[in-house]
Student: 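Sharing a structure, written as structure tokens. Questions coming.
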Amino acid sequence: MNIEFSQRLSEFLEKNKQYHYNMTIELAQIPAPSNREEKRAHWVKNYFDNLGGTNSYIDDALNVVLPFNCENSNDITVFMAHLDVVFPNEDNLPLEVRDGKIFCPGICDDTANVTGMLLIAKYILENNLKPNSGLLIVANTGEEGLGNLKGSRQIMEDYQGRIKEFISFDGTFGFVCNDAVGSHRYSVEIKTEGGHSYGDFGNRNAIAILSNMIDTLYTMKVPPMGKTTYNVGTIEGGTSVNTIAQNAKMLYEYRSDNLESLAIMEKFFNSVCDSYRNMGIEVNVDILGKRPCKGNVDKSALDALTKTAVEISQSITGINCKISPSSTDCNTALSQGVPAVCLGLCSGEGSHTRGEWLEINSLHIGAKIAAAFIGRYFNNF
């Protein structure tokens, strides 16, 4: 694919390099744990308002939505990048610039992708451009962890039946996702009578029972369809060294890129819990989140959208793209039969660690990818 930018767009991207950098530095420091993204949401809403995008709004999921031509169209394309980060910080996130890099938790996942998208929104608003059909630019919430894809779910619900394509900016260069890894996440608690370790010896110990349950869950041979995994992420419980534990709890999840396999894992998990209940043990299960697999998506439409994402990214970055399933905001759209892809607008490493960093020079390259993709839906971009 030979990508050519108009002189107007090329001059805009060059002129706004420092603006893009400053915006990234400012947004990166604003805390945004999943389900507590208010500060970043209000920052983005003010950003749109100051550029003249006064029809933007914050919805019930705290998504910041900037619609274009949607009132007259049932043919809507969604572009989104998520505001939340995996870190629980309520105060400003620590940031350091050195050696051509920005070090900050969440800087690649997903701050730089958000600012790349927002920069192109600035270009659209400043030039009063109108897309050929409906288009949404969304700074969304709830992509990470137990956010449970609340932001993308809200968009799919609010614009139900009207969305024809769905593009998420997430991750780094060379990554394109067009398939959904579904997951089920649970909190499992065991309760017993417990007691004194000496005087009540023989009473049931919740920690021992939970340990046995975990061992049972790990006997599962995963289904052969697709790739399926499972994991116990945390365990806790008990009172003291001389107390028979009355309660113990774990966080458990399983994942798969195959709908049938996900159903098999759910059936096995429920059967294990029921078997312990049948032994007279109190087992309390809370569903923390469910992410869907891909549903019935038109293959030719999805292939065409994937081809576009790969060609744009490879043409601009010179990096060959790896196409793979993942758990992203695209899960929601793909599960409802809407063609969707996810691709990255930056370069860096250390995602989901405190040492995460971004290559500063990649910001300008990522903005070009966003411009090339979003510009396809406009004339004279």
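Numbering of residues begins at 1 and proceeds along the displayed sequence.
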Student: Please round to the nearest 0.5 Å and tell me the distance separating atom CD1 of Ile244 and atom CG of Asn203.
Tutor: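 Here the rounded value is 5.0 Å.
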
Student: Considering only NZ, NE, NH1 and NH2 on the basic side and carboxylate oxygens on the acidic side, decide whether Glu311 and Lys307 come within less than 4.0 Å.
Tutor: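 Looking at Lys307 together with Glu311, the answer is yes, because their closest N to O distance falls below 4.0 Å.
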
Student: Got a sec, which pairs hit ring-ring contact (aromatic ring centres under 6.0 Å, His included) with one end in residues 120-143, sequence neighbours left out?
Tutor: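 Sorted pair list: Phe12-Tyr123, Tyr123-Phe381.
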
Student: Is there side-chain contact between Val64 and Met80, with at least one heavy-atom pair below 4.5 Å?
Tutor: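 No - every pair of side-chain heavy atoms lies 4.5 Å or more apart.
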
Student: If you measure from the Lys or Arg side-chain nitrogens to the Asp or Glu carboxylate oxygens, is any gap between Glu14 and Lys17 under 4.0 Å?
Tutor: yes

Student: Please lay out, stage by stage, how Glu144 and His352 fare under the test side chain to side chain donor-acceptor pair (under 3.5 Å).
Tutor: CA-CA 10 Å; Glu144 298 288 4; His352 287 211; 3.2 Å; yes

Student: Sub-3.5 Å donor-acceptor pair from the side chain of Asn89 to the main-chain atoms of Leu93, do we have one?
Tutor: no

Student: Tell me if the CG atom of Asp91 is crowded by more than 12 foreign heavy atoms within 6.0 Å.
Tutor: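 Open.
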
Student: Taking the side chain as C-beta and beyond, is there a heavy-atom pair between Cys104 and Glu96 under 4.5 Å?
Tutor: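 Counting from C-beta outward, Cys104 and Glu96 never come under 4.5 Å.
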
Student: Looking at every non-hydrogen atom in both residues, tell me the closest pair between Ser313 and Thr317 and how far apart they are.
Tutor: O-OG1, 2.7 Å

Student: Does atom CG of Asp60 have more than 12 heavy-atom neighbours from other groups under 6.0 Å away?
Tutor: no

Student: What class does the angle between the rings of Phe79 and Phe169 fall in, given that below 30° is parallel, 30 to 60° is tilted and above 60° is perpendicular?
Tutor: parallel

Student: Under a 4.0 Å threshold between the charged nitrogen and the carboxylate oxygen, would Asp49 count as salt-bridged to Lys45?
Tutor: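 Counted as a salt bridge, because a side-chain N and a carboxylate O are separated by less than 4.0 Å.
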
Student: Ring centres under 6.0 Å, that's the criterion: do Tyr377 and Phe68 meet it?
Tutor: no

Student: In Å, rounded to the nearest 0.5 Å, how long is the span from OG1 of Thr172 to CG of Asp110?
Tutor: 10.5 Å

Student: Between Asn258 and Thr228 (side chain of the first, backbone of the second, donor and acceptor by atom type, cut-off under 3.5 Å), is there such a pair?
Tutor: no

Student: Find out if a path of hydrophobic residues (ILVMFWY) with successive side-chain heavy-atom gaps under 4.5 Å connects Leu259 to Val181.
Tutor: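 Leu259 and Val181: separate clusters.
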
Student: Using a 3.5 Å distance criterion without hydrogens, assess whether the side chain of Asn140 forms a donor-acceptor pair with backbone atoms of His82.
Tutor: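 Yes.
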
Student: Holding to side chain to side chain donor-acceptor pair (under 3.5 Å), I want the full list of residues that pass it with Thr332, two or more places apart in sequence or in another chain.
Tutor: Ser152

Student: What do the steps show when you test Arg40 against Thr141 for side chain to side chain donor-acceptor pair (under 3.5 Å), and what is the final call?
Tutor: CA-CA 10 Å; Arg40 284 201 185 191; Thr141 57; over 6 Å; no

Student: Parallel, tilted or perpendicular, judged at 30° and 60°: which one describes the rings of Phe269 and Tyr252?
Tutor: parallel

Student: Side-chain contact test, heavy atoms from C-beta onward, threshold under 4.5 Å: evaluate it for Ile214 versus Ile235 and give yes or no.
Tutor: yes

Student: Between the main-chain N or O of Thr308 and the side-chain N or O of Arg376, is there a donor-acceptor pair closer than 3.5 Å?
Tutor: no

Student: Taking side chain to side chain donor-acceptor pair (under 3.5 Å) as the test, write out the residues that go with Thr306, two or more places apart.
Tutor: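 By the side chain to side chain donor-acceptor pair (under 3.5 Å) rule, Thr306 matches Asn178.
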
Student: Would a single hydrophobic cluster contain both Phe166 and Phe378, if residues Ile, Leu, Val, Met, Phe, Trp and Tyr are joined by side-chain heavy-atom contacts under 4.5 Å?
Tutor: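 Each belongs to a different hydrophobic cluster.
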
Student: Is Glu126 salt-bridged to Lys122, going by a charged N under 4.0 Å from an acidic O?
Tutor: yes

Student: Is there a side-chain contact between Met250 and Met213 (heavy atoms, below 4.5 Å)?
Tutor: yes

Student: May I ask you to test the Tyr276-Leu210 pair for a side-chain heavy-atom distance under 4.5 Å?
Tutor: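 Side-chain contact under 4.5 Å: no.
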
Student: Can you pull the side chain to side chain donor-acceptor pair (under 3.5 Å) pairs that have at least one residue in residues 355-371, sequence neighbours excluded?
Tutor: none

Student: Closest heavy-atom contact between Ala121 and Leu66?
Tutor: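 Smallest interatomic distance, heavy atoms only, reads CB-CD2, 4.2 Å.
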
Student: Could you tell me whether the side chains of Thr243 and Ser240 share a donor-acceptor contact shorter than 3.5 Å?
Tutor: yes

Student: One pair to check against side-chain contact (heavy atoms from CB on, under 4.5 Å): Phe173 and Ile365. What are the steps and the verdict?
Tutor: CA-CA 10 Å; Phe173 297 152; Ile365 300 170; 3.7 Å; yes

Student: Can you see whether Glu26 engages Asn22 through a side-chain donor-acceptor pair at a distance of less than 3.5 angstrom?
Tutor: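 Asn22 and Glu26 do not have a side-chain donor-acceptor pair below 3.5 Å.
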
Student: Which donor-acceptor pairs under 3.5 Å do the side chains of residues 284-298 make with protein atoms, sequence neighbours left out?
Tutor:
residue	atom	partner	partner atom	Å
Asn284	ND2	Glu282	OE2	3.1
Lys290	NZ	Glu266	OE2	2.9
Arg291	NH1	Glu143	O	3.2
Arg291	NH1	Ser327	OG	3.1
Arg291	NH2	Glu143	O	2.4
Arg291	NH2	Gly145	O	3.2
Asp298	OD2	Ser300	N	3.3
Asp298	OD2	Ser300	OG	2.6
Asp298	OD2	Ala301	N	2.8

Student: To the closest 0.5 Å, what do you measure between CG (Leu125) and CD1 (Ile120)?
Tutor: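 These two atoms lie 11.5 Å from each other.
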
Student: Do Ile374 and Ile167 have side chains that get closer than 4.5 Å, going by heavy atoms?
Tutor: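 They are not in side-chain contact.
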
Student: Could Arg255 and Glu253 be called an ion pair, given the rule that one side-chain N must be under 4.0 Å from one carboxylate O?
Tutor: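 Yes, this pair counts.
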
Student: Kindly give the heavy-atom pair with the smallest separation between Val338 and Ile163, and that separation in Å.
Tutor: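 Taking Val338 first and Ile163 second, the nearest heavy atoms are CG2-O, 3.7 Å.
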
Student: Does the side chain of Arg162 reach to within under 4.5 Å of the side chain of Asp75, using non-hydrogen atoms?
Tutor: no

Student: Could you tell me whether a side-chain N or O of Arg185 sits under 3.5 Å from a main-chain N or O of Tyr254, the two making a donor and an acceptor?
Tutor: no

Student: Only pairs at least two apart or in different chains count here, so list each ring-ring contact (aromatic ring centres under 6.0 Å, His included) that has a residue in residues 305-325.
Tutor: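 Counting only pairs at least two positions apart or across chains, no ring-ring contact (aromatic ring centres under 6.0 Å, His included) contact touches residues 305-325.
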
